[in-house]
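To start, the structure itself, in C-alpha cells.
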Amino acid sequence: MKPVTRFAPSPTGYMHIGNLRSALYAFLLSKHEGGTFILRIEDTDRERFVEGATDVIKETLKITGLTYDEGPDVGGEHGPYIQSERLPIYREYAKKLIDLGHAYYCFCSKERLESLHGEDGVGGYDRHCRNLTQEEIDAELAKGTPYVIRQKMPEEGVTSYVDAVYGEISTENKELQDQILMKADGYPTYNFCHVIDDHLMGVTHVVRGCEYLTSTPKYALLYDAYGWERPTYIHLPLMMGRGADGTVSKLSKRHGAVSFAALLADGYLSEAIINYIALLGWCPKGTENEFFTLEEMIRVFTVDGINKSSAVFDYEKLLWFNGEYIRRMTPMAFKEAALPFLGEHSLPEDKLDMVLSLVQPRIEKLSQIREKIGFFLTLPDYDATALFPNKKNKVTLENAKDLLLAARDTLSEAPEFKSDALFAALGAKAEELAVKAGAILWCVRIAASGQAVTPGGATEILEVLGKDESLLRIDEALKKLS
RNA sequence: GGCCCGUUGGUCAAGAGGUUAAGACACCGCCCUUUCACGGCAGUAACAGGAGUUCGAUUCUCCUACGGGUCACCA
C-alpha cells in the first residue's frame with residue numbers, strides 16, 4: 001500500500017519554517033514511494049482564525065514545490081479538506097464515541113474548571129461529569145446547559161505505540177487526562193478531529209513535530225475505540241533557536257525571521273531554505289553531498305535518516321547555502337530574482353547586467369545587493385588618507401596622486417571604455433612607470449568607488465561608470481589628495 | 001512539579017561493540033588574485049559524568065547531571 005501523508009496546518013497567517021519542514025518530510029515520505037500527499041486546513045479555533053491565512057499556506061507550498069494531491073482547492077475524494085466544513089462529521093463521530101462508551105458529556109462551567117488548577121496553572125480535570133446518570137445528562141441537555149464532550153480514558157494499565165523515529169512510547173493510563181473532544185461552541189478540538197480526518201482520509205503515516213509525542217497515546221486510544229487501524233507515527237525533532245543569552249528553545253520570532261515569507265523577503269531563495277531545513281533533523285544515507293533538489297530528496301528520503309535530537313537553526317549555515325544557490329543561478333535567473341531587491345537605480349540595461357554579474361558571486365542573500373551597488377549610483381564621501389595607502393601594492397599617500405594622474409591620462413585617451421582594454425592600457429602604463437600594475441589599479445579602484453572593498457576590480461568598475469563619470473571621480477580623488 | 005524525549009567539536013551531523021571518531025558551517029593560516037569574495041590546500045576543536053555487561057564500549061543496560069517537550073474549550 002502506498003503511503004498517504006498529510007500536512008495539516010492551522011491558518012495562523014504565516015508559515016513557520018518548522019511547520020514547513022514537517023510539510024516537507026511528509027511530502028518526501030509519500031513521494032518517495034509514489035504515495036499521496038494531502039493538504040488539510042485545521043481551522044477549528046475560531047478565535048485565532050486569520051483571514052487569508054489559507055492562501056499563505058497554499059502559496060508557500062506552491063513556491064516550494066510541495067504539490068499536494070488532495071486539498072482545499074484541488075479537491076479529492078475525501079473532502080472537504082477544511083475542517084470547519086466538516087462539522088457534521090465530527091458531531092456524528094463524537095456521538096458514536098459516546099455510544100461506544102469512550103466519551104461523555106461534561107457540563108462543568110469554565111469557572112469550575114479554573115478553580116481546579118493550581119497557581120502554576122498545572123492541574124487536570126477531576127472527571128466530575130464522567131459518571132453522570134443518563135437521567136442527569138438528559139436533564140442538563142433539556143435545560144440547554146452548555147457542554148463539551150470528553151474522552152473517557154482508561155483508569156489503569158498502559159498505552160503504548162511505536163514511533164518510527166523514537167521507538168516505543170508508553171504512558172501510564174492514569175497520566176492521561178479526559179481531554180475535550182468537542183468544544184462548547186460545537187467545534188472539535190485538534191485532539192479529536194485530526195484523528196477522525198486522518199482515518200477518513202486514509203492517512204497511513206502521521207508526520208508531525210515531537211511536541212505531540214506524549215499526547216499520541218490518547219490519539220491511539222481513539223483509533224482503538226473506533227476499531228480503526230492506527231497509523232504509523234513519525235515524530236520529528238524540534239527546531240530550536242538560540243537566544244541572545246545563549247539559551248535554546250523552540251524556534252520563534254525572537255530568534256530572527258522564522259516564517260517562510262520573512263526569509264524570502266530577506267533575500268533567501270526558496271530552494272536554499274528547503275535544502276537547509278531538510279538537513280535539520282534528517283541526514284541522507286550513503287552520501288556526503290549536501291545539495292539536493294526536491295526531486296533528489298524524494299529519491300533519497302528515508303525515515304531512518306531522521307534524527308531524534310532537536311536541532312538549533314543556524315542562520316550562518318542557511319546563509320552559506322543561500323550564497324551557494326545564488327552563485328549557481330544562471331545570469332537570467334539571478335536577474336529575475338534580484339530585480340525586486342534593487343530598488344531605485346539609474347543603471348541602463350547593459351550596465352545593469354554587468355553590475356549584476358559582479359555582484360552575483362559576492363552576495364549571500366539578495367537583500368545585500370543594494371549596499372553592494374550603492375557606490376555605482378553615487379560616490380560615497382570617503383577619507384582619502386585612510387583608503388589610498390596600501391602596503392601590498394606599494395601605494396602611499398605621496399605617490400597616489402602621481403599614479404592617479406598617470407591613470408587619468410591613460411583613461412582619457414582610451415578609445416574604448418571596456419574592462420579588458422582598460423586593464424591592458426593601465427598595465428602598460430604601469431610598466432612604463434616601472435610600478436606594479438596593482439599600484440595603479442588600486443588607486444583607480446579607490447577613486448572610482450570611494451571604498452576599499454568593491455564588487456569587481458578597478459577596470460570593471462570603470463566600465464560600468466563610463467568614461468565621463470570615471471574621470472570625474474578621479475578628479476574628485478585628486479582634489480582630496482592635494 | 002509529574003510524565004515523556006534527548007545528549008558526538010561553537011552549530012548541523014556520520015557512526016550500529018574493535019575507526020587515526022567522517023563530512024559541512026563558522027573560525028584560523030597559506031595559495032590564487034586587480035580589493036573583496038569565489039576557488040584550492042592545511043589547521044584548531046567532540047563521544048555530558050558515573051557504574052555495570054564485555055577480551056574490548058561513542059555504540060548495549062542502569063543511575064546522575066544537563067537540555068528540551070508536555071500537562072488548554074491552541075493546534
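Numbers restart at 1 for each chain; the letters A, B, ... are given by sequence-line order, proteins then strands.
A/T454 comes within 4.0 angstrom of a nucleotide base, judged by non-hydrogen atoms across all strands. Nucleic acid contact for A/V312: sugar-phosphate only, since backbone atoms but no base atoms lie under 4.0 Å from a heavy atom of the residue. Across all strands, A/V444 comes closer than 4.0 Å to no nucleic acid atom at all (heavy-atom distances). Nucleic acid contact class of A/G427 (heavy atoms, under 4.0 Å, all strands): none. Residue A/I180 is classed as a base contact, given a heavy-atom separation below 4.0 Å to a base.
In terms of heavy atoms, A/F107 sits closest to A/C129 at N-SG, 3.3 Å. Taking each heavy atom of A/M329 and A/A337 in turn, the nearest pair found is CE-CB, 3.7 Å. Summarising the geometry of A/F388 relative to A/A447, their closest heavy-atom pair is CZ-N, 4.0 Å, with the distance given to 0.1 Å.
Base pairing analysis places B/A42 opposite nothing; no Watson-Crick or G-U wobble pair with both distances below 3.5 Å involves it. Base pairing annotation: B/C66 forms a Watson-Crick or G-U wobble pair with B/G6, both donor-acceptor distances under 3.5 Å. Nucleotide B/C28 has no partner under the Watson-Crick or G-U criteria, as no pair reaches both atom distances under 3.5 Å. Base pairing annotation: B/A37 forms no Watson-Crick or G-U wobble pair, as no partner gives both donor-acceptor distances under 3.5 Å. When Watson-Crick and G-U wobble pairs are counted only if both distances are under 3.5 Å, B/C55 pairs with B/G18.
Stacking between A/F423 and B/U34 is present: the aromatic ring centre lies within less than 5.5 angstrom of the base six-membered ring centre, and the two planes differ by under 30 degrees.
Among the nucleotides B/U34, B/U35, B/C74, the one closest to the side chain of A/D45 is B/C74. Taking the side chain of A/Y212 as heavy atoms from C-beta on, and the options B/A24, B/C5, B/A75, the nearest nucleotide is B/A75. Across B/A75, B/U34, B/U33, the shortest atom-to-atom separation from the side chain of A/A458 is found for B/U34. Distances from the side chain of A/L238 to the nucleotides B/G69, B/G6, B/C4 place B/G69 closest. Taking every side-chain heavy atom of A/W442 into account, B/U35 is the closest of B/U34, B/U35, B/U70. Closest to the side chain of A/N307, from the set B/C25, B/C5, B/A14, is B/A14. Here B/G39 is the nucleotide among B/A26, B/G39, B/G23 with the atom lying nearest to any side-chain atom of A/E324. Relative to the side chain of A/L441, the nucleotides B/C73, B/U34, B/U35 differ in distance, and B/U34 lies closest. Here the nucleotide nearest the side chain of A/E175, chosen from B/C5, B/U33, B/G2, is B/G2. Considering only the side chain of A/S419, B/U34 comes nearest among B/U34, B/C73, B/C25.
Aromatic pair A/Y219/A/Y233: centroids not less than 6.0 angstrom apart.
B/C12 atom C1' lies 12 Å from atom CZ of A/R21, rounded to whole Å. Protein atom CG of A/N289 is 17 Å distant from nucleotide atom P of B/A13, rounded to whole Å. Distance, A/E460 CD to B/A37 C1': 12 Å, rounded to whole Å. Note: CG (A/N191) to P (B/A75) measures 8 Å, nearest angstrom. A/I149 places its CD1 atom 15 Å from the P atom of B/C73, with the value rounded to the nearest Å.
The same atom, C1', is picked in B/A21 and in B/G9; the two are 11 Å apart, to the nearest Å. Comparing B/A42 with B/C60, their P atoms are spaced 33 Å from each other, to the whole Å.
Checking the phosphate oxygens (OP1, OP2) of B/U70, a side-chain nitrogen or oxygen of A/K250 falls inside 4.0 Å. The phosphate of B/A75 (OP1 or OP2) has a side-chain N or O of A/T44 nearer than 4.0 angstrom. In this structure, A/K174 does not reach the B/C3 phosphate: none of its side-chain N or O atoms is under 4.0 Å from OP1 or OP2. For A/K285, a side-chain nitrogen or oxygen approaches OP1 or OP2 of B/G15 to under 4.0 Å.
Side-chain N/O atoms of A/S309 and base N/O atoms of B/U7 include no donor-acceptor pair closer than 3.5 Å. On a pure distance criterion of 3.5 Å, no polar donor-acceptor pair joins the side chain of A/R327 and the base of B/C38. A donor-acceptor contact under 3.5 Å is not formed by the side chain of A/R445 with the base of B/U34.
Using modelled atom types, no side-chain atom of A/H102 and backbone atom of A/P154 make a donor-acceptor pair closer than 3.5 Å.
Because its NZ or CZ atom is both nearer than 6.0 Å to the ring centre of A/Y212 and within 45° of the ring axis, A/R208 counts as a cation-pi partner of that residue.
When the options A/D197, A/I196, A/I89, A/I41 are evaluated for a side-chain contact (heavy atoms from CB on, under 4.5 Å) with A/Q83, the one that passes is A/D197.
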